[in-house]
Amino acid sequence: MSEEKKVEKIVGIKGMNDILPEQSALWELFENTVQSVLKSYGFQQMRTPIVEATPLFARGLGAVTDIVEKEMYSFEDVMNGDKLTLRPENTAGIVRAALEHNITYDGPKRVWYNGPMFRHEKPQRGRYRQFHQVGAEALGFAGPDIDAELIAMCQRLWDDLGLVNVRLELNSIGDANERNLHRTELIAYFEKHKELLDAEALRRLYSNPLRILDTKNPSLQELVNNAPKLLDFLGEESKAHFEGVQSILRHNSIPFTINPRLVRGLDYYNRTVFEWVTDELGAQGTVCAGGRYDSLFTIFGGKHTPACGFAMGVERLLELMKLNGDAEHVSGCDVYLVHQGKQAQMQSFVLGERLRDAGLDVVLHCASATGIGSFKSQMKKADASGAAFAVIIGEDEAAAETVTVKSLRADDFANNQTSVPFDTAVDYLVDQIVGVDHDESQCENPNHIHIHH
Ligand code: ATP
Ligand code: MG
């Protein structure tokens with residue numbers, strides 16, 4: 001015992017969260033919904049490594065960006081001196097892999113990803129050092145149709161997740177030459193008001209003045225609001241593209257507001273940029289951000305491949321689901337097996353396998369450090385498990401080759417216990433569960449997790 005006390009506890013890394021069993025039902029609901037919505041638009045999943053060569057991000061994202069300047073987990077591989085970085089985002093990795101495997105050789109591709117990203121930021125609500133993004137990338141598509149499709153896909157996802165208070169902000173940041181024209185005017189404007197700029201803005205005045213528009217400093221808001229607008233510098237093609245996106249959105253009744261100040265934090269974007277924002281999450285209100293990046297393939301040495309994509313912050317969306325959802329996220333099993341006595345234990349194990357053969361989700365009560373536990377304590381576990389039914393095999397049942405089936409979710413608790421022959425228990429339970437499933441499907445709440453597939 002005294003030895004145990006001496007052992008120093010090792011704790012998790014600050015800003016990196018453990019996702020615990022009771023949280024995983026919500027994660028699974030989110031991920032399953034994402035998967036089915038993205039599949040319904042023909043997107044295919046890609047899984048790239050969480051570690052990439054550091055220059056990939058330095059070159060791809062741009063040197064004068066929050067991420068590359070101060071947020072990357074970069075390190076040297078002590079085994080061989082390679083310079084590596086835990087991915088802070090996944091568009092660069094996807095494009096790297098797309099080029100490496102030439103996946104657009106036979107035409108454009110729609111792909112998506114889901115996984116952890118790493119940024120060394122100050123941890124706070126909605127901002128973590130390991131967080132998760134789901135992203136979609138439409139590779140090789142040039143027109144406004146795909147931009148609108150990506151946005152419609154997000155809208156469908158919010159609807160399916162039961163999220164209501166998310167709104168779309170849209171802008172066009174034009175092409176490189178248009179941004180250059182604007183940049184000259186922007187620098188001249190900020191030079192005129194140099195005394196109002198903060199340190200970060202001064203630092204970016206000549207390296208990345210567009211990013212000053214994205215400042216979160218409240219005292220700069222008025223200055224930034226009156227700055228020259230990129231929208232006024234768009235040429236005919238960029239204008240037509242932007243108008244094209246808007247007209248598809250209007251035609252499909254997807255509301256949006258144009259935010260002329262919306263720029264993206266990364267260098268590779270052009271033309272369409274968008275953000276989905278909510279007022280319900282405090283300061284970290286952007287749940288999804290995206291845009292067009294027609295030049296990224298060439299930045300990485302590939303041939304010109306227009307593309308558009310988005311990334312959503314999973315933690316922020318889950319937070320929103322919790323706020324919006326009015327139901328408990330229960331994901332109980334179908335059956336919890338309770339038993340008392342050696343023979344009953346054997347029978348329970350066999351019954352558990354048979355029930356799983358029939359497609360049910362079953363938890364068999366197993367011994368803990370303190371033993372198998374009394375009947376009463378097992379029933380408590382059965383209740384807590386969220387199971388629809390407890391199946392009880394005591395010594396009497398074992399001897400009589402019967403089981404007792406107890407409904408744990410019935411309203412009528414007085415009348416919810418039945419004795420069933422062991423050999424017909426599987427059929428009986430399958431009937432019962434399918435019956436429950438049928439009722440559950442009438443449930444109006446989209447956040448409800450069905451207890452059976
Ligand atoms: P912010 O302005 O909030 O720092 P960003 O521009 O850095 O956002 P993106 O790089 O566009 O964010 O990432 C897309 C989405 O990923 C964000 O809209 C947000 O929902 C989520 N996200 C970004 N950084 C974090 C983080 N540190 N923790 C949790 N979610 C994040
Ligand atoms: Mg950021």
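Every number for a ligand or one of its atoms is a count from 1 in the order of the listing. Positions are given from 1, in the same order as the sequence printed here.
Phe118 and Tyr73 have perpendicular rings, their planes meeting at more than 60° on a 0 to 90° scale where under 30° would count as parallel.
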Atom pairs and distances, side-chain donor-acceptor, residues 187-197, under 3.5 Å, sequence neighbours left out:
| unit_1 | atom_1 | unit_2 | atom_2 | d |
| --- | --- | --- | --- | --- |
| Tyr189 | OH | Leu223 | O | 2.6 |
| Glu191 | OE2 | Tyr206 | OH | 2.5 |

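At a heavy-atom distance under 4.0 Å, only side-chain atoms of Gln133, from C-beta outward, approach ligand 1. Residue contacts with ligand 1, taken as heavy atom pairs separated by less than 4.0 Å, do not involve Arg125 at all. Counting heavy atoms closer than 4.0 Å to ligand 1, residue Val287 contributes backbone atoms (N, CA, C, O) but none from C-beta onward.
Judged by distance alone, the side chain of Asp160 and the main-chain N or O of Val37 form no donor-acceptor pair under 3.5 Å.
The option from Gln284, Glu319, Arg127 that lies nearest to atom 1 (P) of ligand 1, judged by heavy atoms, is Arg127.
Atoms of ligand 1 found under 4.0 Å from any heavy atom of Ala311, numbered from 1 in the order shown, are 14 (C), 15 (C). Distances below 4.0 Å separate heavy atoms of Gly126 from the following atoms of ligand 1: 28 (N), 29 (C), 30 (N). Of all the atoms in ligand 1, the ones that sit under 4.0 Å from a non-hydrogen atom of Lys216 are 1 (P), 2 (O), 4 (O). Close approach to Ala289 involves these atoms of ligand 1, each under 4.0 Å from a residue heavy atom: 11 (O).
Taking a cutoff of 4.0 Å between a charged side-chain nitrogen and a carboxylate oxygen, Lys70 and Asp66 qualify as a salt bridge. Ionic pairing of Arg167 and Asp279 is present here: one or more N-O contacts between side-chain nitrogen and carboxylate oxygen are shorter than 4.0 angstrom.
Geometrically, ligand 1 and Tyr128 share a nitrogen or oxygen pair separated by less than 3.5 Å.
Taking 4.0 Å as the cut-off, Glu275 does not count as a neighbour of ligand 1 on heavy-atom distance. Glu89 does not count as a contact of ligand 1, since none of its heavy atoms falls under 4.0 Å from the ligand.
Legend: residues meeting ring-ring contact (aromatic ring centres under 6.0 Å, His included) with Phe233, ordered by chain and number and at least two apart, are His182.
Counting heavy-atom neighbours within 6.0 Å of Glu237 CD, excluding the residue itself, gives a total of 12 or less.
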